[in-house]
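Convention: sequence-line order gives letters A, B, ...; per-chain numbering from 1.
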Amino acid sequence: MKIDYRLNHQTTFSYPIPVSVCHNIVCLTPRTGPRHEVRSSRLSITPRPTTTVRRTDVFGNIVHAFSIEEAHERLEIHASARVTVRADEHVEAGATPPWERLAAAVSDQTDPNWLEACPFVFDSPMVRRSEAARDYARRVFTSNRPVLDAALQLTAQVFQDFEYLSGATHVGTTSEDALQLRAGVCQDFAHVQLAALRSIGLPARYVSGYLRTLPPAGQPRLIGADQSHAWVGLYCGPELGWVGLDPTNNTRTHTDHIPLAVGRDYTDVAPIRGVYLGGGNSTFTVHVDVEPAEEAAPPQKS
Amino acid sequence: MLLDAKGAVRADWKPMAERIKALTPGVLGFRQQRAQQALDDNGILLGGPNEVAQPHLWPLDPLPFQLGQDSFRLVRDGMSQRARLLNKLAADLLGPQRVLREKVLPPALLFANPHYRRAYHDLPVGGGRYIHLYAADVARADDGRWWVQGDRTQAPSGLGFTLENRIAVSRVHADWFGTMNVRRHAGFFQTLRQTLTKLATNKVDNPRIVILSEGPTGHRGFEDAFLARYLGYTLTVGQDLAVRQGRTVLKTLGGALPVEVILRRLNDDACDPVELDSDTSHGVAGLVESQRLSHLAIANMLGSQLVEAPGLMAFIAPLCRFLLGEELKLPSIATWWCGQKREREHVVKNLDELYVFPAFEAGAAPIDPRRLNAQQRADLIAQIQSRPEQFVGQERLRRGTTPAWSDGRLEPWHWALRLFAVMHEDQYQTLPGGLVRLARDGAVLDYAPTPGERTQDCWVLSDTPVDTMSLLPPSNQPLTLKRSGAELPSRVAENLYWLGRSMEAAEGRARLLRGLIGRIESESVWGDTSSQDSWRRLLSLIDAGKSADPSPARRIKHATLDAPAPGNLRHAIRECVRLAQAARDRISLDAWRLVARMERYLLRAAVTNPADTEDLSDIGALLNHLVLELVGFGGLMSESMTRTLGWRFLDIGRRIERAHHTAELLRLALVQPGGDERVMLETVLEICDSSMTYRTRYLADLRPVPVIDLLLTDDINPRSIAFQLVTLEQQLAHLPRDTAAGPRDADQRGALALLDAVRLADPDALAQAAAPGRRSTLDAMLQRVVDELPAIDQALTARYLAHTALPKQFAEIDLSAPPAPGSGNIVGHRDDDPQPEADR
């Protein structure tokens, strides 16, 4: 099965005082991966940037850097794309290799993809391995358990133990803080699970993207009410590659998850980063619209 | 080190030993004082930003350190090889990663480095050149073998100190220096300049090269200013630079000028808040992008930091074989990286024999396991076990010794040496010398960030006469003559403006205090009820009337000697020191020496004078001295500074401040006359340094009208308010303005209006007391001066200096912490916060 999506992600910043100069980098353009194909993508910025440069970063993400040097009180960043997502082939989680063997193959550099996996084994700015995170993982990563089987249960464990609570955390909350809080949003759920997986030596990366949401039965789909989302990619060996796990929704990623970028944690793939001069107390709004060409599956949290 | 195994003087040391022997007793001590004096005057300040005020001076040993020719050849070749190796390693780690693929280096040494950032990949690196300037801390063990204890690849410090030591020591030992064929440093700096010039991507003949500094408050502030002056580059901080249309520019009063090359003194992380550390307050937004567009070259290249990690030292020898196909010439001190099991076990087992360092922080202080208690020790081991790749164990070195001059005799002290190498085409050139740190106890030197107890200049002798080229006088290359000074960073203009104000505030205050001391013995002044109010008012000027002390003498003493606090004398002097330091690459060395000396005088006087006595004998002399120094400082400024915009801003600051405090003084002294006014008139004339002029004109006949004329309306008396306003108006007219002839700007209008009012005032009318005992017209006139000067100051600031305001943009967009007004930083945004109603 495959689904075609039209993605629209519109971010608008408003400033009470004009901004004279801003420098930004955005990570809002999807790139084709093993299970999805980007048919077209477009990024439009108003006012027109003074300079724009598009490049592919070391993890393969498409990054735009732009600056605006005319005074503006409003900045609109509109990313749109058409993406086709294919369903995974069914994998018997119990048939995957024991997690210890996988961790050892990466650290011993015997796994054919060890170098690709390496950046995602260690600490990163917002994800820190710790004893607490290791203990949390070892509750389900019992000896010789198949890696995906255990990882799915870890996903369920995070889903159950953590309360989805907007405002409990902020954009800079680290995995350690979130692990203590037992609450947060998708970013925190993902960071906690990354910390747990890395603490036992498994390569795990942060995936930013979108989640298709479905309206309650009988109601029309609301345009612009969708969300950007984040989940975890776990390296499961050369055959399976990176498997998506969504602790916010206690599921493997399916055709409802549309990946945008991968990194060690949020800081590598923040949708918009930048510095501006002037501006005062800015406000911003975000509208995300994930429009499928065909319908499926029940509604889910983002 | 001085003696060989047989107890004879080592060959290296013979020339020096002979010369020391030939000296008359006492001469070495005298030379030490002179060398130290030279350093004190230049104000080498060590330590953190807060130590600027209490100069903690670096003691310089008068004996040069001898690096024998054989030793130098060995370390020179070793340095050059190591620099090539680390340069190649940086290019590989951020490029093809062959050392990882071929398993020469464990990947954790790159990916577990907390300074590793994806932005360092894929930057355009001309010719794979990352490390233009390299430094290493080396030591010779007591068995004579050389070891590298640490590499520095991002922005090595120490060159400025090295130069400064060389200049001081070569001057006091001019006789030795001239006859011993000491190899010079100038060639090294010449190469540095050539290398930086060649980095310019657009190949212009005379690229603009700037030094990007943390600013005068950073511990490298002195060095940065010194290097800037020595190399002839503009000293900048992050605020001075901006990225416009992809180009990095220098913001000056004359507009934005393109910058081709940056010699950075910041850590990699701190260079750009957009792509690197978003918390940095020293960087330049968009710098990485500007570099990526190849419009800018940065030395050292961003990402160079990654190869100075102590963890890499354990792999240097195999890396050298792999990357260069050579055997390592200058080995690293034995290092065990705990990311490997066997090595980790070794470190834990032999903890007391080793130092423990963070694996990714070059220059961090070591953990000395011997100094830990049982609990701390257990904690350290637990940390090593849980995050092994973050630690290394390093061998403790038994350091060799060298002669130091101590209490009138030679003593063996332990030493450490920092060496420098600069890129030259594809090779590296090693400085024949370096920064020597000495300590009686060798372990002191292991704590890398601390300086040791002393420093020495390092001499490498040559068999043949040396090339005596020096960069100190400008080199002989033909240069286009320049007269303009438009290349003044706005921030420097601001510093000079405030320096002018602080100088004048200090002088005004010192003169006032001195004038009051002159009256203190005269009991009649304080006892005479009809005039004592005027004196009390005047006294309130020195401490803002905050003191309840009934003794005028003690109040004067406190106002002179109290620790710096806003409004007092020592604060004004300290501000002069701070601002002079901030503008040190713009003012003459003499001016800097003077101002640094003043602060030392005051500090010494404060220490030796009990503040709570009424004895003013020393204070009068001190103030006399201080006034002389301040006048000298002012004279240097007016006689030695070229009439650039920088000088204009300094002068504007002085004029505004002098007009302001003169107006305040006259108000308190003359508006409410009481009793016999003659003593007051005389004092005011004295404080305003106008007694001579008055006496020449009017002899001893002291009357209010001519005094008011001389100090307020007479525009040929350089101490009068009118004179300040005339000068101010002229200076403002020379500042860069929009060329289109239009109405005058606010600052000019304000100055002109005030000048007209003062010029048109009639001294007779001003001296009239309208109501009994009150000169209201004079009061109104002076009040106007006091009120309107700040408006001129504000207009000036808004026009020229406002954009130097500190960037405040580094707040995250988050509902709980809205960004500070004025500017902001989008570190990242999250959709969930602003839309709580959305279905999740």
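For B/E275, the parts lying near chain A are the backbone and the side chain together; criterion is any non-hydrogen pair under 4.5 Å. Using a 4.5 Å cut-off between heavy atoms, A/T50 contacts chain B through its side chain alone, with no backbone atom that close. Residue contact with chain A, scored on non-hydrogen atoms closer than 4.5 Å, involves the side chain of B/E289 exclusively. The part of A/V21 that comes within reach of chain B is its side chain, from C-beta onward, which places non-hydrogen atoms under 4.5 angstrom from that chain. Heavy atoms of A/R55 lying under 4.5 Å from chain B belong exclusively to its side chain. Contacts between A/V121 and chain B at a heavy-atom distance below 4.5 Å are absent for every atom of the residue. The part of A/E69 that comes within reach of chain B is its side chain, from C-beta onward, which places non-hydrogen atoms under 4.5 angstrom from that chain. With a threshold of 4.5 angstrom between heavy atoms, B/Y116 approaches chain A through its backbone and through its side chain. Contacts between B/V288 and chain A at a heavy-atom distance below 4.5 Å are absent for every atom of the residue. Residue B/L110 does not touch chain A at all, counting heavy-atom pairs closer than 4.5 Å. Looking at A/R198, neither its backbone nor its side chain comes within 4.5 Å of chain B, counting heavy atoms on both sides.
In this structure, A/R273 and B/S278 have side chains that are in contact, with non-hydrogen atoms separated by less than 4.5 Å. Contact annotation: the side chain of A/H23 never approaches that of B/P273 to less than 4.5 Å [non-hydrogen atoms, C-beta and beyond]. Using a 4.5 Å cut-off on side-chain heavy atoms (C-beta onward), B/R387 and A/D123 make contact.
Of the listed residues (A/A230, A/P119, A/C118), the one with the most heavy-atom contacts under 4.5 Å to chain B is A/P119. Interface remark: of the candidates A/V58, A/T51, A/T267, A/V58 forms the most heavy-atom pairs closer than 4.5 Å to chain B. In terms of non-hydrogen atom pairs under 4.5 Å with chain A, the most contact-rich of B/E389, B/R101, B/R292 is B/R292.
Checked by atom type and distance alone, the side chain of B/R118 never pairs as donor or acceptor with a backbone atom of A/F59 at under 3.5 Å. Although no hydrogens or angles enter the test, the distance criterion places no donor-acceptor pair under 3.5 Å between the side chain of A/R129 and the main chain of B/S386.
Between A/L115 and B/F111 the shortest heavy-atom distance is CD1-CE1, 4.2 Å.
For the atom pair NE2 of B/H121 and OG1 of A/T56, the computed distance is 14.0 Å after rounding to the nearest 0.5 Å. Annotation: the span from B/R117 atom CZ to A/D57 atom CG amounts to 14.0 Å, rounded to 0.5 Å.
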